[in-house]
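Inspection log for the structure reproduced underneath, given as structure tokens.
Note that ligands are numbered from 1 as they come in the structure, with each ligand's atoms numbered from 1 the same way.
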Amino acid sequence: MQGRVVAITGANRGIGAAAARVFAEAGAQVALLARDQASTARLAAELPGTAIALACDVADAGQVQAAIDAVVARFGRLDVLINNAGVIEPIARIDSIAPEDWARTMQINLNGVFHGMRAALPVMKAQRSGTIITISSGAAHRPLEGWAAYCASKAGAAMLTKAAHLEEGATLRIMGLSPGTVATDMQVRIKASGVNAVSALDPSAHIPADWAARTLLWMCGPAGDALRGQEVSLRDDNIRRQVGLIA
Ligand SMILES: NC(=O)c1ccc[n+]([C@@H]2O[C@H](COP(=O)([O-])OP(=O)(O)OC[C@H]3O[C@@H](n4cnc5c(N)ncnc54)[C@H](OP(=O)(O)O)[C@@H]3O)[C@@H](O)[C@H]2O)c1
């Protein structure tokens, strides 16, 4: 990662913040994107090397384009984009979801990934190299009660990863990471909802955010070549072993 430039959306807490730390410690120049610039700026200041914080709501295509433009203006290139920003809400049955809440989830979890790819692809294609990893979920592949918006948006994002790989996979590495359940604020909100089997999980069942971050770093190394177009599942012990998370 020495000299590599990495942009991470939703980088002020949870998996995104852990990834910012792991990539910076590996020598990358990291751009932290999140809506709240104050918290990303605090984190960026703690990281080794050169890290920058950019205010960016992934729901807004113009803000994402401006953030990627700012990364390229500052560092001259973009090697990795981690599409991590995401929301679980609304947690509600379909007939009680407000249309604007449904649309907001799509705008962040699905359109936000599109906005990131749309801004990053021309830069990476011109370089003839680059890696785009989108954080997926088991919910992209199986329905869960009360999570229709989340499941549908994550399923769309997983398909977008496949479509982007189809179009650009000959030159770029485009992949998904399904981390399993991770101990972040999102799981705290899921537990508080009391809806479906995920909320009933004991917090000890969740992996630390650092495990997801270390897997992202591993996917950006040589191992990533064999993973093009795929969704890596961190529930898989074989993957955990290859990353070095378990013996
Ligand atoms: N935790 C899990 O068990 C789990 C499992 C599978 C997949 N995932 C996925 O992993 C990713 C990260 O989740 P997490 O668990 O780390 O959640 P988290 O702790 O709730 O963090 C979510 C991050 O996304 C950012 N974000 C939300 N909306 C945004 C927007 N419109 N623009 C920019 N940033 C936005 C948040 O920052 P602000 O709100 O401050 O902007 C925050 O940094 C998500 O895509 C999630 O779906 C999580």
Side-chain angles (χ1 to χ4, degrees), residues 7-22 31-44 53-68 81-91 101 103-116 119 133-142 144 147 149-158 160-161 176-193 196-213 215-216 231-235:
I8 303 167
T9 67
N12 60 350
R13 55 194 156 88
I15 294 170
R21 191 170 298 284
V22 163
L32 291 77
L33 281 55
R35 289 177 291 194
D36 173 17
Q37 204 203 0
S39 52
T40 39
R42 267 195 304 278
L43 178 57
L54 297 166
C56 178
D57 182 340
V58 297
D60 183 327
Q63 288 189 33
V64 177
Q65 184 67 58
I68 297 299
L81 170 66
I82 308 286
N83 284 314
N84 166 74
V87 292
I88 186 75
E89 293 81 10
I91 298 178
D101 292 343
R104 180 78 187 146
T105 306
M106 296 300 150
Q107 195 64 19
I108 296 171
N109 292 2
L110 173 55
N111 296 9
V113 173
F114 162 65
H115 298 153
I133 305 177
T134 297
I135 308 297
S136 189
S137 166
H141 309 289
R142 86 187 159 101
L144 283 142
W147 286 18
Y150 184 72
C151 292
S153 63
K154 286 291 187 184
L160 189 49
T161 294
L177 171 64
S178 178
T181 63
V182 186
T184 66
D185 289 353
M186 187 176 279
Q187 282 297 341
V188 173
R189 297 198 301 280
I190 289 167
K191 182 129 210 87
S193 74
N196 80 37
V198 184
S199 75
L201 289 173
D202 188 88
S204 65
H206 308 322
I207 63 166
D210 178 66
W211 280 28
T215 307
L216 289 167
E231 182 168 301
V232 170
S233 171
L234 206 31
R235 289 189 187 279

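The side chain to side chain donor-acceptor pair (under 3.5 Å) search around Asn83 returns Thr134, not counting sequence neighbours.
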Nitrogen or oxygen contacts under 3.5 Å, ligand 1 side and protein side:
residue: ligand 1; atom: 1 (N); partner: Val182; partner atom: O; Å: 3.3
residue: ligand 1; atom: 1 (N); partner: Thr184; partner atom: OG1; Å: 3.1
residue: ligand 1; atom: 3 (O); partner: Val182; partner atom: N; Å: 2.8
residue: ligand 1; atom: 3 (O); partner: Gln187; partner atom: NE2; Å: 2.8
residue: ligand 1; atom: 15 (O); partner: Thr184; partner atom: OG1; Å: 2.5
residue: ligand 1; atom: 16 (O); partner: Ile15; partner atom: N; Å: 2.9
residue: ligand 1; atom: 20 (O); partner: Arg13; partner atom: NH1; Å: 3.0
residue: ligand 1; atom: 20 (O); partner: Arg189; partner atom: NH2; Å: 3.4
residue: ligand 1; atom: 28 (N); partner: Arg35; partner atom: NH2; Å: 3.1
residue: ligand 1; atom: 31 (N); partner: Asp57; partner atom: OD1; Å: 2.8
residue: ligand 1; atom: 32 (N); partner: Val58; partner atom: N; Å: 3.0
residue: ligand 1; atom: 37 (O); partner: Asn12; partner atom: OD1; Å: 3.1
residue: ligand 1; atom: 39 (O); partner: Arg13; partner atom: NH2; Å: 2.9
residue: ligand 1; atom: 39 (O); partner: Arg35; partner atom: NH2; Å: 2.7
residue: ligand 1; atom: 40 (O); partner: Asn12; partner atom: ND2; Å: 2.8
residue: ligand 1; atom: 41 (O); partner: Arg35; partner atom: N; Å: 3.3
residue: ligand 1; atom: 41 (O); partner: Arg35; partner atom: NE; Å: 2.8
residue: ligand 1; atom: 43 (O); partner: Gly10; partner atom: O; Å: 3.0
residue: ligand 1; atom: 43 (O); partner: Asn12; partner atom: OD1; Å: 2.4
residue: ligand 1; atom: 45 (O); partner: Asn84; partner atom: O; Å: 2.8
residue: ligand 1; atom: 45 (O); partner: Lys154; partner atom: NZ; Å: 2.9
residue: ligand 1; atom: 47 (O); partner: Tyr150; partner atom: OH; Å: 2.6
residue: ligand 1; atom: 47 (O); partner: Lys154; partner atom: NZ; Å: 3.1

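A heavy-atom distance below 4.5 Å is not found between the side chains of Gln187 and Ile88.
With Leu216 as reference, Ile135 is the one residue of Ile135, Val232, Val22 to meet the side chain to side chain contact (heavy atoms under 4.5 Å, CB included) rule.
Contact between Arg35 and Ala55 at its shortest, heavy atoms only, is O-CB, 4.4 Å.
From Glu89, atom CD reaches atom CH2 of Trp147 across 10.5 Å, with rounding to the nearest 0.5 Å. Atom CE of residue Met186 and atom CZ of residue Arg13 lie 8.0 Å apart, to the nearest 0.5 angstrom.
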